[in-house]
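Structure, as structure tokens:
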There are 2 protein chains.
Amino acid sequence: MFSKACEYGIKAAIFIATKSYEDKRVSPKEIAEKINSPQAFTAKILQSLVRNDIVSSVKGAYGGFEIQKDRISQVKLAQIVKAIDGDSIYIGCGLGLEKCDENHPCPAHDKFKIVRDELQNMLENTTLEELALNIKSGSAFLKT
Amino acid sequence: MFSKACEYGIKAAIFIATKSYEDKRVSPKEIAEKINSPQAFTAKILQSLVRNDIVSSVKGAYGGFEIQKDRISQVKLAQIVKAIDGDSIYIGCGLGLEKCDENHPCPAHDKFKIVRDELQNMLENTTLEELALNIKSGSAFLKT
DNA sequence: TATAAATAGGATAAATTTATCCGAAATAAA
DNA sequence: TTTATTTCGGATAAATTTATCCTATTTATA
């Protein structure tokens with residue numbers, strides 16, 4: 001459904017959020033360990049989250065990644081997905097037609113539309129806060 | 001959402017179905033032209049559709065690909081997707097956890113479940129017949 | 001039986017995604 | 001101001017997906 005990069009990005013953002021509630025910054029090393037991802041690759045993905053203002057970074061000693069506490073509830077899953085994979089997953093055609101809309105639909109357009117709309121709706125209405133709280137409460141996990 | 005191979009496979013199956021209604025067999029060349037896909041790659045995908053009993057092939061002169069008319073309404077989109085991409089798209093975890101279920105969920109498990117179930121339901125209840133009829137009636141298209 | 005027309009399938013190449021490595025730049029603290 | 005620590009960013013490698021090429025095999029018809 002999403003690329004590996006996007007999966008890592010979402011999990012990284014969730015982990016950073018949980019730590020930010022405790023006013024702690026985290027390193028790519030710690031993030032990669034906690035979400036079970038390759039460290040250097042994760043660091044690259046973190047950079048695109050920073051460029052897209054989803055997380056913020058502090059360079060130098062005692063630096064690391066963090067999210068302002070009051071922003072955690074504002075960040076939507078859709079923003080993270082869009083920053084890493086783009087929005088073709090819920091905008092583009094399910095059969096890959098370059099142009100696919102009501103006037104020139106692919107044969108499965110209406111069928112896909114229901115699913116895509118459901119996905120888009122979910123991504124736009126799910127906040128980092130909800131997901132991070134699932135981790136903090138111990139009712140969900142970032143790795144197996 | 002699906003791989004290129006899967007998109008080509010779905011479109012190829014739909015095109016073969018429309019021709020099979022007219023008792024005509026089609027070649028990879030004609031298929032690739034009509035669905036706007038690379039011919040040799042499409043031929044490979046057709047082979048996996050054949051191996052999975054989704055379409056049938058007749059070798060030699062006057063051969064080609066076809067689907068028995070009475071099977072067109074029996075083939076579900078889910079079968080094609082499973083044959084080419086596997087079923088991880090609606091079975092696997094949205095965040096890539098190896099093990100993700102009610103007892104050990106990822107933080108977005110419930111959110112994803114709704115979308116995945118909707119997708120699975122759509123794929124299992126959409127037949128090749130419906131899709132092919134959209135093409136035959138001229139109300140949908142296989143390329144731009 | 002010979003021939004032409006098709007699919008089948010292996011080998012390989014190109015493109016994209018995933019992943020690693022290393023040095024530059026920034027920053028807090030001694 | 002020096003040092004240790006940390007993110008940033010470019011270069012490169014590995015793996016996977018997408019795509020091409022060529023030959024073998026099959027089969028209907030002349």
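Each chain gets a letter, A, B and so on, in the order its sequence line appears, and its residues count up from 1.
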query: Below 4.5 Å, heavy atoms only, C-beta onward: do A/Arg71 and A/Leu128 meet side chain to side chain?
result: no
- request: Scan for ring-ring contact (aromatic ring centres under 6.0 Å, His included) pairs involving residues 35-89 of chain A, sequence neighbours excluded, and state none if there are none.
  value: A/Tyr8-A/Phe41
- prompt: B/Lys69 versus B/Asp23: any side-chain heavy-atom pair under 4.5 Å?
  reply: yes
task: Keeping to residues at least two apart or across chains, list the side-chain hydrogen bond (donor to acceptor under 3.5 Å, both in side chains) pairs with something in residues 37-52 of chain B.
output: B/Ser37-B/Thr42
Nearest-Å distance for atom pair CD/P, residues A/Gln47 and D/dT6: 16 Å
With the criterion being N/O to N/O and under 3.5 Å, what pairs connect the protein with nucleotides 23-29 of chain D, and how long is each?
{"unit_1": "D/dT26", "atom_1": "O2", "unit_2": "B/Gly60", "atom_2": "N", "d": "3.4"}
{"unit_1": "D/dT27", "atom_1": "O2", "unit_2": "B/Ala61", "atom_2": "N", "d": "3.3"}

query: Does A/Ser57 put a side-chain nitrogen or oxygen below 4.0 Å from OP1 or OP2 of D/dC8?
result: yes
statement: Hits for salt bridge (Lys or Arg N to Asp or Glu O under 4.0 Å) against A/Lys24, two or more places apart or cross-chain, chain-then-number order -> A/Glu22
message: Using a 6.0 Å cut-off, check whether atom NZ of B/Lys113 has over 12 heavy atoms from anything other than its own residue.
response: no
message: Going by salt bridge (charged side-chain N to carboxylate O under 4.0 Å, His left out), name the pairs with one or both residues in residues 5-15 of chain B, residues two or more places apart or in two chains.
response: B/Lys4-B/Glu7
- prompt: Residues in salt bridge (Lys or Arg N to Asp or Glu O under 4.0 Å) with B/Asp53, at least two apart?
  reply: none
task: Give the first and the last nucleotide of DNA chain C, reading 5' to 3', that has any atom under 4.0 Å from a heavy atom of chain A.
output: C/dT18 to C/dA29
message: For the NZ atom on B/Lys29, are there more than 12 heavy atoms of other groups (residues, nucleotides or ligands in this structure) within a distance under 6.0 Å?
response: no
For a quick test of your reading: what N or O donor-acceptor pairs under 3.5 Å do the side chains of residues 137-144 of chain B make, sequence neighbours left out?
{"unit_1": "B/Ser137", "atom_1": "OG", "unit_2": "B/Leu133", "atom_2": "O", "d": "3.1"}
{"unit_1": "B/Ser137", "atom_1": "OG", "unit_2": "B/Asn134", "atom_2": "O", "d": "3.2"}
{"unit_1": "B/Ser137", "atom_1": "OG", "unit_2": "B/Ser139", "atom_2": "N", "d": "3.4"}
{"unit_1": "B/Ser137", "atom_1": "OG", "unit_2": "B/Ser139", "atom_2": "OG", "d": "2.9"}
{"unit_1": "B/Ser139", "atom_1": "OG", "unit_2": "B/Asn134", "atom_2": "O", "d": "3.3"}
{"unit_1": "B/Lys143", "atom_1": "NZ", "unit_2": "B/Glu33", "atom_2": "O", "d": "3.0"}

query: Among pairs that include at least one residue of residues 77-87 of chain B, which meet side-chain hydrogen bond (donor to acceptor under 3.5 Å, both in side chains), considering only residues two or more places apart or in two chains?
result: B/Ser3-B/Asp85
- prompt: Going by number, which of residues 10-46 of chain A have a non-hydrogen atom under 4.0 Å from DNA chain C?
  reply: A/Pro38, A/Ala40, A/Phe41, A/Lys44
query: Quick one, which residues of residues 79-95 of chain B touch DNA chain D with a heavy atom under 4.0 Å?
result: none
B/Ser73: partners by side chain to side chain contact (heavy atoms under 4.5 Å, CB included), with sequence neighbours left out: B/Glu129
Beyond-backbone contact of A/Ser57 with A/Leu46, side-chain heavy atoms, under 4.5 angstrom: no
